Protein chains: 2
Amino acid sequence: VRRLDLPILVERARRGEQLAVARLISLVENGGPELPAVAAALAPLTGRAHVIGLTGPPGVGKSTMTSELVRQLRAQNRRVGVLAIDPSSPFSGGALLGDRVRMSEHATDDGVFIRSMAARGHLGGLAWATPHALRVLDAAGCDVVLIETVGVGQSEVEIVALADTTVVLLAPGAGDGIQAAKAGVLEVADVFVVNKADRDGADQTVRDLRRMVTLGVRADGGTRGAPTDAGWRIPVQRTVAVRGEGMAQLVAVLDAHRRWLDGSGERERRRLVRAGSEIQAIALERVRARLDQVRGAGGVPELASRVLAGELDPYRAADELMARIEPG
Amino acid sequence: VRRLDLPILVERARRGEQLAVARLISLVENGGPELPAVAAALAPLTGRAHVIGLTGPPGVGKSTMTSELVRQLRAQNRRVGVLAIDPSSPFSGGALLGDRVRMSEHATDDGVFIRSMAARGHLGGLAWATPHALRVLDAAGCDVVLIETVGVGQSEVEIVALADTTVVLLAPGAGDGIQAAKAGVLEVADVFVVNKADRDGADQTVRDLRRMVTLGVRADGGTRGAPTDAGWRIPVQRTVAVRGEGMAQLVAVLDAHRRWLDGSGERERRRLVRAGSEIQAIALERVRARLDQVRGAGGVPELASRVLAGELDPYRAADELMARIEPG
């Protein structure tokens, strides 16, 4: 992309042209030198979309849930973006249109933007590229952006850092799973969904979750606050996504959470933390790049040799290294 | 620890006094302001120990293996350090003497230094504190330091970054496990051990591993090189650690690997990469601390607000942030 094309591309994306959106996401995914210019062009257009993260164990029905949420939101004529994060794939993206095959029902709908992304990119995957892709979809006028990811390890932590509202999906009979996951995925939920709620054990799973919510699972403090105190009681919604049951209610719950976020100031607070983390991450990445570029005396290889020889300890070596990079 | 005490403490550790070693490790684990001074005092005393990482799935007998290796090495009158990394524990260390209960056989042996460490410390756990603890044990004159960890997720990657020799333990009948783990733990092995080799399926597991070694599992390049090309053929050693069977042979294999590392220049190469990574990590941690300290205009919270308001993109914000920190 030549620099002159960028304003045109952004303007086309803003109007909701699928190909322009796809091209911008590819651009930011590649992490090339255009990234700062793209970010600058997008900045004034962002901040409006409601970002909803969906996570949960494999087999719980996340893809179906995502597709049904898109259907509900489209019925209300809302523009929807979908980022499907695949932690098992070392490859990212490809064309937006190609990804639409994944949700063939929405493939011909110009109000839906779907993108698959690999969790592991060359600079840390989800943490790296997803905020950029989010901004593109936000600038493209999406009212809602859904981020769908498998709830394993790092990914649910990262989804929380990105989403306004985090939805944790569970299937009936996940009782033991609930205990096991307690320290992780359950603590990040703004909304619980028990999907496949027509199966045996659904009542028990709903009861278990409600009990945990009442006991204050979310008393974790940190950047997530204590929503029960601030007036948000984590709901437990039953759905059978494959038949569309409970989906309208779920959309109402998500909208209620968005209103609560806005009214309580929590959305602003979460977004501030998120923006601060991203700024710091970019700054550190730049410092790392500069450290790598120091050559010869005072460069990492030479300092490492001196540490191995016992002439220098790693702390003094780090001091010497930092003295070699320029400020600003 | 007052600054004046440090040379005395280091001298006592160098002579192999258990309490001095324990105190130094606690000091580096706490990550306090003494860290650079401790690192400086230790630097001239390190670089001699053969660092051996032991990893493998739960239940494969890593603790027994570690204990038996200690017994073998002590029979040869070698001084041995043990760092047992517990990835499930959020708590670290405690006194060295307390940890010795874990291996009661060696509890009264002044030539054995045993320390349990949590994998997750306040600054990233294993990656953070273990190199420091290693240096203490190295400076204390340990001929061999064993790092024992559960081979899950990040830990086997980190053990490779620390160990001269990485030993991967498997149990018989781990055929499916071998396939599953192929991309991870198997690629880091310098030595395979099939423990519990008196059980059914041991022959098959040994055969499977030998076939994989022959097919060049280690053709991963990277910082680990291609040992088969350079003259190291990854051995597969059978043991029944609980009865001491195969243990003398395993020690011989480990010594052979140390000789190969020294003779081929691979040990130096691995240690250079490791020292370089550590220097960079310390430098970045210092930059991060400085970024956090920038207050008011140009500080992270103010910049984040401007990003949210669409006045600034994260890249320009990062530039502004970096302009606020001083060099050197």
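Residue numbers start from 1 in every chain, and the chains themselves are labelled A, B, ... in the order their sequence lines are given, proteins ahead of strands. None of the values given here were measured: they were computed from a predicted structure. The basis for the numbers below is simple: all heavy atoms, side chains too, and nothing from hydrogens, waters or symmetry mates.
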Engineer: Output the distance between atom CZ (B:Arg288) and atom CG (A:Leu284), rounded to the nearest 0.5 Å.
Structural biologist: 5.0 Å
Engineer: From B:Arg286 CZ over to A:Tyr315 OH, what is the distance, rounded to the nearest 0.5 angstrom?
Structural biologist: 7.5 Å
Engineer: List in chain and number order the residues that pass side-chain contact (heavy atoms from CB on, under 4.5 Å) with A:Ala40, two or more places apart in sequence or in another chain; answer none if no residue qualifies.
Structural biologist: B:Asp313, B:Arg316
Engineer: Measure distances from A:Leu321 to the heavy atoms of chain B and classify the residue's part below 4.5 Å as side chain, backbone, both or neither.
Structural biologist: side chain
Engineer: Check whether B:Pro301 gets within reach of chain A through its side chain, its backbone, both or neither, counting any heavy atom under 4.5 Å.
Structural biologist: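 The answer is the backbone of B:Pro301.
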Engineer: Under a 4.5 Å heavy-atom cutoff, which of B:Ile279, B:Asp292, B:Val300 has the most pairs with chain A?
Structural biologist: B:Ile279
Engineer: Examine whether an atom of B:Leu45 lies under 4.5 Å from a heavy atom of chain A, and if so say whether it belongs to the side chain, the backbone or both; otherwise answer neither.
Structural biologist: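 For B:Leu45, neither part sits under 4.5 Å from chain A.
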Engineer: Answer with side chain, backbone, both or neither: which region of B:Val307 has an atom nearer than 4.5 Å to a non-hydrogen atom of chain A?
Structural biologist: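 Contact with chain A involves the side chain of B:Val307 alone.
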Engineer: Shortest non-hydrogen contact from A:Pro314 to B:Glu278?
Structural biologist: CG-OE1, 3.9 Å
Engineer: Just how far is it from atom CG of B:Leu272 to atom CG of A:Leu303, taken to the nearest 0.5 Å?
Structural biologist: 11.0 Å
Engineer: Find the distance between CZ (A:Arg274) and CG (B:Leu308) and round it off to the nearest 0.5 Å.
Structural biologist: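 Answer rounded to 0.5 Å: 8.5 Å.
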Engineer: Give me each pair satisfying salt bridge (charged side-chain N to carboxylate O under 4.0 Å, His left out) with a member in residues 300-309 of chain A, each pair once, sequence neighbours excluded.
Structural biologist: A:Glu302-A:Arg306, A:Arg306-A:Glu311, A:Arg306-A:Glu320
